[in-house]
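Only one structure is covered here, and it is reproduced in the block below.
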Amino acid sequence: MFDYLQELNEAQREAVLRTEGPALVIAGAGSGKTRVLTYRIANLLKQGAKPSSILSLTFTNKAAKEMKERIAKVAGEQTARYLWMGTFHSIFARILRYESETIGYPSNFTIYDSADSKSLIKTVIKSLELDVKIYKPGTVLSRISMAKNNLITPNIYTNSAEIRKVDKSIRMPAIAEIYKEYTKRCFLSGAMDFDDLLLKTNMLFRDHPDVLQRYQERFAYVMVDEYQDTNYSQYLIVKKLAAAHKNICVVGDDAQSIYSFRGARIENILNFKSDYPGHKTFKLEQNYRSTQTIVNAANSIIVQNKKQIPKNTFSENDLGNPIKVISAITDNEEGFLVVQEIVQTQLRDHYKFEDYAILYRTNAQSRIFEESLRKRNVPYKIYGGLSFYARKEIKDLLSYCRMTINPADNEALKRVINYPARGIGATTLTKLETAAVNQETTIWKIITDLPTINHASLNKGTAAKILNFVGIIQRFHKLADENDAFDTVKAIAEQTGILKELYTDKSPEGLSRHDNIQELLNGIQEFSINAKELGEPEKLENYLEDVALLTDQDNDKDEDKNKVTLMTVHSAKGLEFKNVFVVGMEENLFPSNQSGDKKPEALEEERRLFYVAITRAEQNVCLSFANQRYKWGNLDFCNPSRFLEELDEKYIDSSGMQNSSRKAQTLSPNEQKPQGFASRKAPTSLKSPQTQNILNKKLVSLKETSRRQNTFEGDDASKIQAGMVVEHQRFGQGKVLQIEGTAPNIKATVFFKSGQQKQLLLKYAKLKIKG
DNA sequence: GCTCAGGGCATTTTT
DNA sequence: TGCCCTGAGC
């Protein structure tokens, strides 16, 4: 017996020790799942299994990294390094690079992110002379993605009457053609999208039994985390790989399956038993994370689902506080009350800000809470929205890098051929692209073969500019050959003039772009140094392999410590916080109403979503909703989510709902009817009648002028923050240096471009936020 | 090739 | 409302 076995409970220990044969581990929220996986691997290693014979798949880099670190602690860093541990995508990208010859791809193939895919799809739609307004690239991409994840190739797609019927019914009968052309162009560009990494792996294993056999033999042990989130493509790969040794261990929780919209099949975990005869099931039912109240309340919701594996999760922690429910009149008030609760409990119970999370259904809901937090000077960090790697400046620089490694990469080429501007405009690009399509080749081939350019009827000046661009890329190619990733990218940033251009731009946006580029360079430097220390390849192509599958959630920065976390429920999965606020608990956001057009499966998933949300909390859960909410400029009247009713009273502290002064403000019956369009008025009880007057007047005049003019005064002036660039009707553009006072007497010190510095009372000033 | 106004449009998201 | 796309106009 190893000493770590004593840290495990009965069910956990059994799951760790049963190393041979198929095993299903049902791991409820907070039941020590990662611990089991870690020790299971450690145990295998101690039994003498070779690290390189263990394949362990996760969904996020973060999960993989965390597990790797834990195993390194138990089994030693050297051993941990040789484990095949990573995300589905990164592991299979690795395998595909090894086997690239077999499938006819270059080993340095580019991985297209969703933006690249979307942009290519748009190009394809246009080239097929279809209407982009009808064929929305996003929708088309998701249809193609669904197809790929179900192993439906363009040919199968074209020949499937059923699929074509669906396409017709959504008025996009030509998706099959788009899919075909998209696939062709990806191949020409030497590129794979995210779904391809799984699809091509499946095809590799299907068409080349010898290759499959090699990997089957290598991976004596296969482990999958979050098995309830696997799609069909992932499911099949796992099944094929585990077929020889049958030592497969999947870990998951059907109650936390919330990703059906992106192809996850809860059936995969539900059907494990029939898929793997001779399997053994282990249920981790003790929750170590949350209070009894939280666990019981969560269970009371989830038991109502029909499709699930029966289990009895429980907590032996304290009973804990009841779940607090806050009812607010408006969304603004909701923000105010939630932040109030944070500030109060933080002082009273000595919590840190990092102990709090505000979870919501959609990213758009974050704004109100951001505002409220800012007003009270509560530090916060927000997940979601624009990712670091999706920023224009980052994508631009990385596109140069991609061009350097794989010049066939059309999407990268299109981004940078005229950035920084070198006089190669849209017209020229269209000509080149047409030529490329006609000759079934890449733009790079066209522009490196000048006689063809002349065919494309370009004038001399343009041809010279193109030639110059080709020279630049070829130089980078040589640079990348001779230098490590950092030196290469640094040279690229300098020689393209990107660095210089951003350096001269002194606007706040320009500064932030410059900072981002610096941050990217720092990251690459870190990569180069690490790689050298570990004796791993340190070239640009190695860095690009990593970065294509990276997201910004993967790096936690020090400056983000001790801040309230704001994120969607979906992205909170796998995380835990002492105190969790689930906000926007309205019917339309957490739809629990069966009478709607929701399918029963969808309703069950909403329940699981709610379950995931509240089981993130260790100690306190607070649910909040607003009776009215502005949505797209209209006032929506909302009902609280039915989940609030499904919760037994004994779990609830409803003091936040019974505040009589709030009740008195409830809308009168005739106001409660949902209206098609409600005139926008300042609605919250938090504003003085005086302020309301100002706002009403202001908003009327706003409408009269233009809805683009974001002018703010009175209370809304709080939107104006130090550092913002604003436009004043009389003084022109300026930067806000300082903000003081409270509404309606907010004073702003603004430094204008004209050189003068003014102190403005925002009540009287008309400022427009720039950008 | 850039800027700006107007139209259309709004889940959840990892890789 | 606010974002993104597009077409007009310079």
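The chains referred to below are lettered A, B, ... by the order of the sequence lines, with proteins before strands, and numbering in each begins at 1. As a basis for the values below, the full set of heavy atoms in this structure was taken, side chains included, without hydrogen atoms, waters or symmetry mates.
- Within the 4.0 angstrom heavy-atom criterion, only backbone atoms of the sugar-phosphate kind lie near A:F59; the bases stay farther away.
- For A:K122, the listed nucleotide lying nearest its side chain is C:dT6; candidates were B:dT11, C:dT6, B:dT13.
- In this structure, A:L141 places its CG atom 12 Å from C1' of B:dT13, rounding to the nearest Å.
- Taking atom P in both C:dC4 and B:dT13, one finds a spacing of 16 Å when rounded to whole Å.
- Of the residues near DNA chain B, A:F194 and A:K133, the one whose nearest nucleotide (by heavy atom distance) lies more toward the 5' end is A:K133.
- Residue ring and base: A:Y259 does not count as stacked with B:dT13 (centre distance below 5.5 Å and interplanar angle below 30° not both satisfied).
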Side chain to side chain contact (heavy atoms under 4.5 Å, CB included) for A:L83 and A:M223? Distances and angles first, verdict last. CA-CA 12 Å; A:L83 289 168; A:M223 262 165 266; over 6 Å; no
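- Here A:A426 lies in heavy-atom contact (under 4.0 Å) with sugar-phosphate atoms only.
- A salt bridge links A:E371 with A:R367: the distance from a Lys NZ or Arg NE/NH1/NH2 to an Asp or Glu carboxylate oxygen falls below 4.0 Å.
- The A:N418 side chain lies nearest to B:dG1 when the options are B:dT15, B:dT13, B:dG1.
- Both A:G423 and A:F261 lie close to DNA chain B; mapped to their nearest nucleotides by heavy-atom distance, the more 5′-ward contact belongs to A:G423.
- Among B:dT13, C:dG2, B:dT15, the nucleotide with an atom closest to any side-chain atom of A:R367 is C:dG2.
- Close to B:dT13, at under 4.0 Å from its OP1 or OP2, lies a side-chain N or O of A:T568.
- Closest contact between the side chain of A:T87 and the listed nucleotides C:dG2, B:dT13, B:dT15 involves B:dT15.
- Nucleotide C:dG2 holds its C1' atom 14 Å from the CD atom of A:E370, rounded to whole Å.
- Nucleic acid contact for A:I91: none, since no nucleic acid atom lies under 4.0 Å from a heavy atom of the residue.
- We find that A:R402 and A:D116 are joined by a salt bridge, their nearest charged nitrogen and carboxylate oxygen being less than 4.0 Å apart.
- Note on A:F88: nothing from the nucleic acid sits closer than 4.0 angstrom, heavy atoms only.
- Of the candidates B:dG1, B:dT11, B:dT14, B:dT11 carries the atom nearest the A:R361 side chain, counting heavy atoms from C-beta on.
- In this structure, A:Y112 atom OH and B:dT14 atom C1' are separated by 20 Å, rounded to whole Å.
- With hydrogens and angles left out, the side chain of A:S114 and the base of B:dT15 share a donor-acceptor pair within 3.5 Å.
- Checking B:dT14, B:dT15, B:dT11 against the side-chain heavy atoms of A:S571 singles out B:dT14 as nearest.
- Contact annotation: A:N363 side-chain N/O to B:dT13 OP1/OP2 distance is under 4.0 Å.
- In this structure, A:E226 atom CD and B:dT13 atom C1' are separated by 14 Å, rounded to whole Å.
- Under 4.0 angstrom from either OP1 or OP2 of B:dT15 there lies at least one side-chain N or O belonging to A:N61.
- Going from atom CG of A:L198 over to atom P of B:dT14 covers 16 Å, rounded to whole Å.
- A salt bridge does not link A:E586 to A:R361: none of the charged nitrogens lies less than 4.0 Å from a carboxylate oxygen.
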Donor-acceptor list for residues 128-138 of chain A side chains, cut-off 3.5 Å, not counting sequence neighbours:
{"from": "A:D131", "atom 1": "OD1", "to": "A:K133", "atom 2": "N", "distance (Å)": "2.8"}
{"from": "A:Y135", "atom 1": "OH", "to": "A:A174", "atom 2": "N", "distance (Å)": "2.9"}

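- A salt bridge links A:E226 to A:K33: at least one charged side-chain nitrogen sits closer than 4.0 Å to a carboxylate oxygen.
- With distances taken from any side-chain atom of A:K136 to the nucleotides C:dT6, B:dA10, B:dT13, the minimum falls on B:dA10.
- Atom pair A:H89:NE2 and B:dT13:P shows a separation of 16 Å (rounding to whole Å applied).
- Here the nucleotide nearest the side chain of A:T362, chosen from B:dT13, B:dT11, B:dT15, is B:dT11.
- The ring-ring contact (aromatic ring centres under 6.0 Å, His included) check on A:Y105 picks up A:F187, with sequence neighbours excluded.
- Among the nucleotides B:dT15, B:dC2, C:dT6, the one closest to the side chain of A:A421 is B:dC2.
- Rounded to whole angstrom, the span from the CD atom of A:Q365 across to the P atom of C:dG2 amounts to 15 Å.
- Between the P atom of B:dT14 and the CZ atom of A:F92 lies a distance of 20 Å, rounded to the nearest Å.
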